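Handing you a structure now.
Only heavy atoms go into these numbers, but all of them, side chains included; no hydrogens, no water, no symmetry mates. Remember, predicted model here, so these are calculated numbers, not experimental data. Note that ligands are numbered from 1 as they come in the structure, with each ligand's atoms numbered from 1 the same way. Here, residue 1 is the first one in the sequence, and each next residue gets the next number.
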Amino acid sequence: MISDIENLKDEIKKTVITDKESLEAFRLRFLSRKGKLQSMFGNMQNVPKKDRSRVGKAMNEVKELAETKFNTQKKALQNKKKTRFKATDDLTLPVSPEYAGSLHPLTQTENEMKNIFLRLGFDVADGPEIEDDFHNFTSLNFPPDHPARDMQDTFFIRKSDKKEVQDLVMRTHTSPVQIRLMKDQPPPIRSVIPGRVYRNEAVTAKSYFQFNQMEGLYVDHKVTMGELIETLVMFARLMYGSDVKYRVRPSFFPFTEPSIEMDVWWESDSDGQWLEILGAGMVDPNVFEACGLDPETYTGYAFGMGVDRIAMLRYGINDIRILYENDIRFLDQFTG
Ligand code: DAH
């Protein structure tokens, strides 16, 4: 009898559990009412009285062994379910499209905007997110006491080594890249510049300390305001459909003169409203001078658009924070 018990112990130890099926087979073979343990307990009456306590103890040990194995393997299988791979999977196979990622809605919107401007003859440029005061403010004709330089709007960075201390900023807009382009290459320049910008603002459903813009710059001889408006209208039509309702209003920016803003009419359920999608204007002569270009020789236009606003309108998102939280349940909706 004792040797039977030892054999059963071995058998339990050697039985491999890898999945739900083998777990259930284990249970039926050893632990169920018709299983080997029950039938062994049933044999107890054949054991001579003097051996009963020794045999009973051995049997209880085997029972415990089987139960512990069953419970730990069951738990392990439940945890394993959370991983996507089985030990038998071929890990060298190409990735299953079932698990392919998706482009972030901001990336999708930015790509679409870029493609529109590529069609209109622009190229795509970029620039650094950490800027100095000259590129972010001074060269763009911001007066020294302009409120946008205030601590409330700008994240400042102090860079210091043994020799000098330099104050830098997280760029508050993509406009500094205009300056870099004009300083780096002779006109004609016709570029859009998508990128992240930063402002020291309270986080709410409508504002975030980081967002995305797309800057545009066209510099050549005899560029006109008419061309600017024509280009923006073309953009609005390609982005929102040819029946888009838009309006252009006069505005002010330090780096353009004259300056305008463009709104599109946004229809929602029963009513609608005008929503601002961009600022623009003719490059201010002071900006040309800061870049070493002669304002008598060159003219140009510039514009700046909010990518987040355009993405939110497009997908009906009413809280900007969702765009930056990377919640899989949100992102999964943008596959395909
Ligand atoms: N830089 C402006 C902002 O962040 C947007 C802007 C307005 C850009 C007019 C331009 C422009 O290039 O011409 O609000």
Side-chain angles (χ1 to χ4, degrees), residues 110 113-114 117 120 122 124-129 131 133-143 146-150 152-155 169-183 187 189-201 206-220 223-233 235-236 246 248-264 275-288 290-291 293 295 298-310 320:
E110 189 185 285
M113 293 167 72
K114 263 194 308 210
F117 284 109
L120 296 178
F122 287 75
V124 179
D126 68 2
E129 291 180 18
E131 275 292 7
D133 180 276
F134 175 78
H135 288 89
N136 198 77
F137 293 126
T138 305
S139 60
L140 287 162
N141 203 30
F142 281 81
H146 194 283
R149 297 183 184 222
D150 198 284
Q152 292 185 348
D153 281 316
T154 309
F155 287 116
V169 300
M170 298 300 288
R171 68 177 178 196
T172 59
H173 51 177
T174 42
S175 301
V177 190
Q178 286 185 32
I179 305 299
R180 294 185 177 274
L181 293 181
M182 286 190 270
K183 287 179 73 175
I189 301 167
R190 199 175 168 95
S191 303
V192 287
I193 307 124
R196 260 195 291 264
V197 304
Y198 302 85
R199 286 190 202 168
N200 190 6
E201 285 187 89
K206 288 205 161 19
S207 69
Y208 205 64
F209 56 83
Q210 157 194 327
F211 52 100
N212 290 269
Q213 290 188 332
M214 186 173 290
E215 194 79 13
L217 178 70
Y218 178 32
V219 179
D220 204 345
V223 177
T224 67
M225 186 86 178
E227 284 171 277
L228 167 61
I229 292 177
E230 183 61 26
T231 303
L232 297 179
V233 169
F235 168 78
Y246 60 87
V248 172
R249 293 178 286 110
S251 185
F252 173 81
F253 301 100
F255 36 90
T256 45
E257 182 58 35
S259 304
I260 55 170
E261 278 175 326
M262 188 180 206
D263 304 331
V264 296
L275 287 173
E276 180 202 320
I277 57 159
L278 60 89
M282 300 306 291
V283 177
D284 193 288
N286 290 344
V287 174
F288 279 134
C291 301
L293 292 179
Y298 293 109
T299 51
Y301 64 68
F303 54 83
M305 310 179 162
V307 179
D308 303 64
R309 162 66 71 81
I310 291 174
I320 188 172

Open item on the list: Taking the six-membered ring for Trp, are Y298 and F288 closer than 6.0 Å centroid to centroid?
Closed with: no
Open item on the list: So, 4.0 Å and heavy atoms of E261: is ligand 1 close enough to count as a contact?
Closed with: no
Open item on the list: Between N136 and T172 (side chain of the first, backbone of the second, donor and acceptor by atom type, cut-off under 3.5 Å), is there such a pair?
Closed with: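 Yes, N136 side chain to T172 backbone: donor-acceptor pair under 3.5 Å.
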Open item on the list: At less than 4.0 angstrom from any non-hydrogen atom of Q213, what atoms of ligand 1 do you find?
Closed with: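 Those of ligand 1 that fall under 4.0 Å from Q213 are 3 (C), 4 (O).
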Task: Heavy-atom closest contact (R171 atom, G195 atom, distance) - done: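 For R171 versus G195, the nearest heavy atoms are NH2-CA, 3.4 Å.
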TODO: Applying ring-ring contact (aromatic ring centres under 6.0 Å, His included), run through Y218 and Y301 and close with a yes or a no.
DONE: CA-CA 5 Å; Y218 178 32; Y301 64 68; 5.4 Å; yes
Open item on the list: How far is atom 5 (C) of ligand 1 from the closest protein heavy atom, and which atom is that?
Closed with: G304 CA, 4.1 Å
TODO: Flag the pair V283 / L217 as yes when at least one side-chain heavy-atom distance between them is below 4.5 Å, and no otherwise.
DONE: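 Answer yes - side chains close enough.
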Open item on the list: I need the nearest protein heavy-atom contact for atom 14 (O) of ligand 1: residue, atom name and distance, please.
Closed with: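 Sorting protein heavy atoms by distance from atom 14 (O) of ligand 1 puts R199 NH2, 3.9 Å first.
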Open item on the list: Can you check which of G279, S175, P254 brings a heavy atom nearest to atom 9 (C) of ligand 1?
Closed with: G279
Task: With S175, the side chain to side chain contact (heavy atoms under 4.5 Å, CB included) member among F255, F137, F253 - done: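 Result for side chain to side chain contact (heavy atoms under 4.5 Å, CB included) with S175: F255.
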Open item on the list: Give the atom numbers and elements of ligand 1 that come within less than 4.0 Å of a heavy atom of G281.
Closed with: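 In order of number, 13 (O).
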- [ ] Just jot down the ligand 1 atoms closer than 4.0 angstrom to any heavy atom of T256, in number order.
- [x] 13 (O)
TODO: Distance to 0.1 Å, residue and atom name: give those for the protein heavy atom nearest to atom 12 (O) of ligand 1.
DONE: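 In this structure, atom 12 (O) of ligand 1 has E215 OE2, 2.6 Å as its nearest protein heavy atom.
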Open item on the list: So if I count the atoms of ligand 1 from 1 in the order they appear, which ones are less than 4.0 Å from some heavy atom of A302?
Closed with: 12 (O), 13 (O)
TODO: Work out which heavy atom in T256 is nearest to a heavy atom in S259; give both atom names and the distance.
DONE: OG1-OG, 2.7 Å
Open item on the list: Can you list everything that forms a salt bridge (Lys or Arg N to Asp or Glu O under 4.0 Å) with E201? Sequence neighbours excluded, please.
Closed with: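 Salt bridge (Lys or Arg N to Asp or Glu O under 4.0 Å) check on E201 returns nothing, list empty.
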TODO: Number the atoms of ligand 1 from 1 as they appear, then name those within less than 4.0 Å of a heavy atom of F303, with their elements.
DONE: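 Numbered from 1, ligand 1 contributes 8 (C), 10 (C), 11 (C), 12 (O), 13 (O).
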TODO: Starting from atom 2 (C) of ligand 1, locate the nearest protein heavy atom and write down its residue, its atom name and how far away it is, to 0.1 Å.
DONE: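 Ranked first by proximity to atom 2 (C) of ligand 1 is F255 CZ, 3.8 Å.
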TODO: May I ask whether Q178 places a heavy atom under 4.0 Å from ligand 1?
DONE: yes
